[in-house]
Amino acid sequence: MRNRPSTPIVLLLSLIVALILLFVGLSQPSPLSLTGTLASVDAGAGRIIIDRDPGPGGGPVTRIAYSYVGRRDLSEIQARSRVGFSARESDGGDAIGAVWPLPQSRTAAPAAADSEQQFGHHHNPHHGGFVGMVGDYHVEAVAARDGVVRAYLSDISRRPLPLRGFFGKAILHDGDNAITRALGRMSTNTGPALGTRFDEFEVDEVVIEFDLVRGEETINVEFLLPLERAVRKKPQMPKRCEPMQNKAYYAISKPWCSMDFGRAIAALALSAGGHYVGVGSVDLPVSTWSLPDGKRRAQFKPAPDVPPAPGHHEHADAPNALVAVPPDGAEAVVVLENRFLRYESGSGRLLGELSAADGLVLDAQRPSEKGPMVAQISYRKDLVQIADDDSAPRRFAAMDAMIVAFAVSSDGARVAVADDAGVVRVFDSAGLQLAEMSTRLARISSLAFAGDYLAGTSKDGFVRAWHATSGGQVGERGMLPPQLRVVADPSGRRLVVGGAKGALRLFTVPALRPGLQMDYHKAAITGLAWSGESIVSGDESGVLAVWRFSAPSD
């Protein structure tokens, strides 16, 4: 909140505290709003154990020990109570910043049959915020630096709800102080919301509690929110990839061209040789663009409707993954939740649909024309292979904990997998383990093969490289913001890494000597691909940039 220091000493102390909070905010990833059952609390040790619910993709209940840094007196919550909580990952393990009791009648774990109906839906934010689920309601919360906070309401399948009949308040928790504001209807570029305004925020994250009423129902959820970083814009299909006025493409200090889709870039794919790029963005059709001229080739046709389960509704969303099919990228596979849709890249014509996965697909890759497509499914400890002959998916590459990232080598012969416990392993295409890497318990965010080596980024800000056969670490570089994406060039001699603040950085392999830093994006990198002489990067604000290492003579 805005403070008015009365003395120079107080002002200096406030500045020091603000700098500390800023550093902590930059060096930690964003929080997640989750649900579970409180197992035990050790208030003296600042430790809380929760049986975390499985996600919509299914999976087991997971018992996790968190450090507790919140303000609530946990004696108010009895053991075995249903709770919602706001958790974030940190170098020292997972931490809880807020926890609140949930009404038993609306938050019980779904029955097995209901879980089968719901496995396809997920909690990706549609409005740039963070999503919590209370019973059958989704609440997406956004906080901006000017003091405005908003809550978007949707049903169990993320279909927006009419706001008529909803009343409530937003509560800002600032230390021991609680400031309450009544919520009113707000019109935004991304749809109607319930919102209010506090004084301008001068910190980087705030604790906001939403207390809503609809008839006899109550919805109470608390968020630890970083302040909104990007201006929300209407989704828009660009006319072309606009060349930069200062075309320093030979040094790639500037992008060759850029486009603004107005919403987060959700998926990218580059064809072999880098002659076209496929783009999936929130609330827009998948499109393909020729390189280097930047002209649109095609806009993909909508996917066939799937009848919703009783009481559920369909909802528009972004693709979870986009896969260019080798060798020439004439076909592409679009992943929508648990579905694999085959398209003709040049026309956008739908060619067919492969067998659906038995859960929400988080990522899919197929760099080799010989091997099957490999997919990561939410809350699973193994990967699946998706065959072209429409046979059932085959599970392989089992890990000890939930998988958080994977990569397939360019020849399809090796697969690297990282799990939630910080373990990285390399398997062959049959699932036989070849190597295991030490990550020092780092939370891996992305993996990429680079010739005989494997590179990984992590949310502690490090980039690491290992020998893909022996598992020995050969390089390590630390940077301040969390690093989210890594891809290698076709030769395997260079990497490009994208971070939470939008910067791209080149590194050599295997020593990880830093090269050129490419500063253009102003928001976190959400998509990154490298093929031929082209790098394509996309961010959470909807900006896509094409970088080239040579003059566009082709």
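These numbers come from the heavy atoms of this one structure, side chains and all, not from hydrogens, waters or symmetry mates.
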Practice problem: Using atom types as modelled and distance alone, determine if a side-chain donor or acceptor of H467 lies under 3.5 Å from a backbone N or O of T469. | Solution: yes
Practice problem: State, with a plain yes or no, whether a side-chain heavy atom of I386 is found less than 4.5 Å away from one of P372. | Solution: no
Quiz prompt | 4.5 Å side-chain heavy-atom contact, F261 and S287 | solution = yes
Practice problem: Output, in order, the C-alpha distance, side-chain angles, deciding distance and verdict of side-chain hydrogen bond (donor to acceptor under 3.5 Å, both in side chains) for R464 and T439. | Solution: CA-CA 8 Å; R464 296 176 176 88; T439 67; over 6 Å; no
Quiz item: How many angstroms lie between OG in S458 and CD1 in I444, if you round to the nearest 0.5 Å?
Solution: 5.0 Å
Self-check item: Student check: side-chain heavy atoms of P514 and R505 closer than 4.5 Å
Solution: yes
Practice problem: Decide yes or no for D174 and V203: does some side-chain heavy atom of the first lie under 4.5 Å from some side-chain heavy atom of the second? | Solution: no
Quiz item: Under 3.5 Å, is there a donor-acceptor pair between the side chain of S446 and the main chain of V486?
Solution: yes
Quiz item: Is it true that atom CZ of R513 has more than 12 heavy atoms of other residues, nucleotides or ligands lying nearer than 6.0 Å?
Solution: no
Self-check item: Side-chain heavy atoms of V279 within contact of L268, under 4.5 Å
Solution: yes
Quiz item: So how far is it from L544 CG to I265 CD1, rounded to the nearest 0.5 Å?
Solution: 5.5 Å
Quiz item: Backbone N or O of D260 within a donor-acceptor pair of the Q236 side chain at under 3.5 Å?
Solution: yes
Quiz prompt | Criterion side-chain contact (heavy atoms from CB on, under 4.5 Å) on L291 and W256, from CA distance to verdict | solution = CA-CA 10 Å; L291 297 178; W256 165 245; over 6 Å; no
Self-check item: For W547, the option from L516, V536, L504 that meets side chain to side chain contact (heavy atoms under 4.5 Å, CB included)
Solution: L504
Practice problem: Check the pair V423 / M399 against side-chain contact (heavy atoms from CB on, under 4.5 Å), numbers first and verdict last. | Solution: CA-CA 8 Å; V423 175; M399 300 292 285; 4.1 Å; yes
Quiz item: Checking Q376 side chain against I403 main chain: does a donor-acceptor pair fall under 3.5 Å?
Solution: yes
Quiz item: Is a donor on one side and an acceptor on the other found under 3.5 Å between the side chain of S271 and the backbone of Y276?
Solution: yes
Exercise. With the side chain counted from C-beta on, respond yes when C257 and E242 share a heavy-atom pair under 4.5 Å apart, and no when they do not.
Key: no
Practice problem: For the residue pair F300 and Y343, categorise the inter-ring angle as parallel (less than 30°), tilted (30 to 60°) or perpendicular (more than 60°). | Solution: parallel
Quiz item: What's the shortest heavy-atom distance between F449 and A488, and which atoms?
Solution: O-CB, 3.4 Å
Quiz item: How about R493: does its CZ atom have over 12 heavy atoms from other parts shown lying under 6.0 Å from it?
Solution: no
Quiz prompt | L506 and M518, any side-chain heavy atoms less than 4.5 Å apart | solution = yes
Practice problem: Return yes if some donor-acceptor pair links the side-chain N/O of S345 with the main-chain N/O of A330 below 3.5 Å, else return no. | Solution: yes
Expected list for residues 424-434: side-chain donor-acceptor pairs under 3.5 angstrom, two or more places apart:
residue : atom : partner : partner atom : Å
R425    : NE   : E436    : OE1          : 3.0
R425    : NH2  : D400    : OD2          : 2.8
D428    : OD1  : A430    : N            : 3.0
D428    : OD1  : G431    : N            : 2.9
D428    : OD1  : L432    : N            : 2.8

Self-check item: Ring-face cation of R477 near F507 (centre distance under 6.0 Å, axis angle within 45°)
Solution: no
Quiz item: Does V408 offer a backbone N or O that forms a donor-acceptor pair with the side chain of Q365 under 3.5 Å?
Solution: yes
Practice problem: Examine distances only and state if a side-chain atom of S445 and a backbone atom of Q483 form a donor-acceptor pair shorter than 3.5 Å. | Solution: yes
Quiz item: If we only count heavy atoms from C-beta on, is the L322 to P319 side-chain gap below 4.5 Å?
Solution: no
Exercise. Answer yes or no: is there a donor N or O on one side and an acceptor on the other, between the side chain of N338 and the main chain of A357, under 3.5 Å?
Key: yes
